[in-house]
Peer 1: 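Dumping the structure here so I can ask a few things about it.
Counting begins at 1 with the first residue of the sequence. It should be emphasised that the depicted structure is a prediction, and the values quoted were computed from it without experimental measurement.
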Amino acid sequence: MLERPSRLLPTALRALGLAAVLVTGIWPAVARTPTTGNWKPTTPELTGPQQTLLDTALAQLPAQRPGVTDMYVLGVAGDSDEDVFHNEVVYLRQMASRRWDAEGRMVNLINHPQANADGDATPLATRQSLARALDALGRTLDPEEDVLFVYLSSHGLDDNSFYLHTGPDQEDYLAPETLAQLLEQAGIGNAVVVVSACYSGGFIPALKAPNRMIITAARKDRPSFGCGNTDSATWFGRAFLVEALNTTNDFSAAYSQTKLTVRQREKQEGEVPSEPQFQAGTMIADVLAKWRQGLPEAGPVPYPFVYQPPAGTPVRAKAAGDTQANKKGL
């Protein structure tokens with residue numbers, strides 16, 4: 001998405017903004033609250049049931065295995081209003097368990113009503129919950145031997161921040177520098193960080209390190225596509241998680257495949273290239289190669305989510321594998 005209306009906008013203006021998205025696929029340009037200065041998050045404090053829910057999940061993380069390169073996984077779905085972010089993070093758990101030998105080693109933070117449905121509650125994604133999860137992961141894994149895979153999926157803003165929206169009038173923004181600080185404070189060593197959001201290339205300068213790989217859905221000054229309740233996955237998420245990572249566990253090769261897939265779809269849809277980005281430090285490749293050597297054989301993991309358009313929704317010509325009638329930038 002290009003810009004998200006601030007919580008300070010009147011409800012009527014937010015409704016008008018939503019109507020514009022449904023027609024044009026892009027949020028109208030509006031003033032928004034900055035991520036610095038006097039900004040105060042309006043997401044819920046991490047207390048009571050939410051803290052208990054998160055602490056319970058973190059307490060169940062298995063210890064790392066000496067001599068084995070274990071992959072721990074942290075999935076973050078930022079916006080409660082849209083299905084695609086929730087879908088991708090839920091699917092990541094399934095795929096990581098079956099293809100990466102990461103059963104039990106994943107923590108999900110999801111802002112979506114479905115995350116608390118069917119008796120399977122998941123902690124909310126806020127800056128506080130992200131910091132607490134990273135701290136616990138840092139105390140669990142071996143920073144020299146193991147790897148943390150972080151997948152963040154939400155809207156991105158043109159200042160390169162990542163949108164956290166837990167419910168009506170409850171929002172916050174995660175700046176690249178804040179995520180870098182949280183990783184350092186938690187003592188995370190080897191890490192693969194994937195940011196699926198508009199303008200997400202802005203995370204690379206803040207996060208790059210010899211023991212990190214960073215993959216983003218777009219250049220720092222470009223939107224990516226596929227958010228909204230008009231598909232079951234974002235364009236980048238489908239190309240990377242569902243397609244590329246079901247054919248290879250090599251993240252570099254998966255990125256190369258994803259970049260080609262996304263560009264082909266953008267050409268078909270007439271969009272300006274998002275230009276996914278990649279950066280790898282000098283130390284991370286050997287660690288990931290050792291991890292891949294220890295993986296069991298595993299086949300593709302089916303994506304369980306299917307977009308069902310509301311009755312009467314006009315459907316235009318589809319791109320390959322797409323059921324999307326409308327689109328917007330992330």
Peer 1: Is L179 close to L130 at the side-chain level, that is, under 4.5 Å between some pair of heavy atoms?
Peer 2: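 Side chain of L130 against side chain of L179, heavy atoms only: contact under 4.5 Å found.
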Peer 1: With a 4.5 Å limit on heavy-atom distance, are the side chains of R132 and Q51 in contact?
Peer 2: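 Yes, at least one pair of side-chain atoms sits under 4.5 Å.
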Peer 1: Determine whether the aromatic ring centres of residues W291 and F149 are separated by less than 6.0 angstrom.
Peer 2: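 No, the ring centres sit 6.0 Å or more apart.
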Peer 1: Using the side-chain contact (heavy atoms from CB on, under 4.5 Å) rule, take S274 and V262 through it: C-alpha gap first, then chi angles, then the decisive distance, then the call.
Peer 2: CA-CA 8 Å; S274 55; V262 169; 3.7 Å; yes
Peer 1: Tell me yes or no: between the side chains of N111 and H165, is some donor less than 3.5 Å from an acceptor?
Peer 2: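 Judged by distance alone, the side chains do not pair up.
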Peer 1: Can you confirm whether the side chains of T248 and D250 place a donor and an acceptor under 3.5 Å from each other?
Peer 2: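 Side chains of T248 and D250: no pair found under 3.5 Å.
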Peer 1: Please check if V301 and F236 belong to a single hydrophobic cluster, counting links between Ile, Leu, Val, Met, Phe, Trp and Tyr side chain heavy atoms closer than 4.5 Å.
Peer 2: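 As far as the 4.5 Å side-chain criterion goes, F236 and V301 are connected within one cluster.
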Peer 1: Look at D101 together with R65 and state whether they make a salt bridge at an N to O cut-off of under 4.0 Å.
Peer 2: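 A salt bridge links D101 with R65.
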Peer 1: Take F278 and T258 through the test side-chain contact (heavy atoms from CB on, under 4.5 Å) and record every step on the way to the result.
Peer 2: CA-CA 11 Å; F278 176 91; T258 297; over 6 Å; no
Peer 1: With the 4.5 Å side-chain cut-off for hydrophobic clustering, are L124 and L182 part of the same group?
Peer 2: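 Shared cluster, no.
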Peer 1: One pair to check against side-chain contact (heavy atoms from CB on, under 4.5 Å): L295 and N249. What are the steps and the verdict?
Peer 2: CA-CA 9 Å; L295 292 178; N249 292 317; 3.5 Å; yes
Peer 1: Determine whether more than 12 heavy atoms belonging to other residues, nucleotides or ligands lie under 6.0 Å from atom CD of Q94.
Peer 2: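 More than 12 heavy atoms, drawn from other residues, nucleotides or ligands, come within 6.0 Å of this atom.
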Peer 1: State whether E184 and R212 are salt-bridged, where the test is any N-O pair (Lys NZ or Arg NE/NH1/NH2 against Asp/Glu carboxylate O) under 4.0 Å.
Peer 2: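 Yes.
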Peer 1: Do you know which two heavy atoms are closest between A217 and S196, and how far apart they sit?
Peer 2: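 A217 and S196 have their closest heavy atoms at CB-CA, 3.8 Å.
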Peer 1: Can you check side-chain contact (heavy atoms from CB on, under 4.5 Å) on Q277 and K220, steps first, answer last?
Peer 2: CA-CA 9 Å; Q277 300 289 298; K220 67 178 182 179; over 6 Å; no
Peer 1: Does a side-chain heavy-atom distance below 4.5 Å link L92 with M106?
Peer 2: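 In contact.
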Peer 1: Y163 vs Y173 aromatic rings, parallel, tilted or perpendicular, using cut-offs 30° and 60°?
Peer 2: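 Tilted.
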Peer 1: Say whether S129 and Q50, considering side chains only, have a donor N or O and an acceptor N or O under 3.5 Å apart.
Peer 2: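 There is no such pair between these side chains.
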Peer 1: Would you say the side chain of R263 lies within less than 4.5 Å of the side chain of K259, judging by non-hydrogen atoms?
Peer 2: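 In short, these two side chains do not touch, never coming nearer than 4.5 Å.
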Peer 1: Can you tell me how far apart CD (E145) and CG (D70) are? Round to the nearest 0.5 Å.
Peer 2: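 Result: 7.5 Å between the selected atoms.
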Peer 1: What I want to find out is whether D286 reaches K290 closely enough, with some N-O distance under 4.0 Å, to be called a salt bridge.
Peer 2: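 Looking at K290 together with D286, the answer is no, because their closest N to O distance does not fall below 4.0 Å.
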Peer 1: In terms of the angle between their ring planes, are H112 and H86 parallel, tilted or perpendicular, with boundaries placed at 30° and 60°?
Peer 2: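 Judged by the thresholds at 30° and 60°, the geometry between H112 and H86 is parallel.
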Peer 1: Just wondering, do V287 and N211 contact through their side chains at under 4.5 Å, heavy atoms?
Peer 2: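 No; the side chains remain at least 4.5 Å from each other.
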Peer 1: With heavy-atom distances below 4.5 Å as the criterion, would you say the side chains of R99 and L245 are in contact?
Peer 2: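 The answer is no; the side chains never approach within 4.5 Å.
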Peer 1: Using side chain to side chain contact (heavy atoms under 4.5 Å, CB included) as the criterion, point out the one residue from V76, L74, L241 that pairs with Y151.
Peer 2: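 The residue from V76, L74, L241 that satisfies side chain to side chain contact (heavy atoms under 4.5 Å, CB included) with Y151 turns out to be L241.
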Peer 1: Would you check if V306 and S232 make a side-chain contact, meaning some heavy-atom pair closer than 4.5 Å?
Peer 2: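 Of all side-chain heavy-atom pairs linking S232 with V306, none is under 4.5 Å.
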Peer 1: I'd like to know if the side chain of T261 reaches the main chain of Q257, judged simply by a donor and an acceptor atom lying under 3.5 Å from each other, with no hydrogens or angles considered.
Peer 2: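 Judged by distance alone, yes, a pair lies under 3.5 Å.
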Peer 1: Quick one: pull up CG in D135 and CG in L58 and give me the separation to the nearest 0.5 Å.
Peer 2: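 Going from the CG atom of D135 to the CG atom of L58 covers 9.0 Å.
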Peer 1: Closest approach of V107 and L61, non-hydrogen atoms and distance?
Peer 2: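 The pair with the smallest heavy-atom distance is CG2-CD2, 3.8 Å.
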Peer 1: When you compare the side chain of R105 with that of M71, does any pair of heavy atoms fall below 4.5 Å?
Peer 2: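 Heavy-atom side-chain distance check fails, nothing below 4.5 Å.
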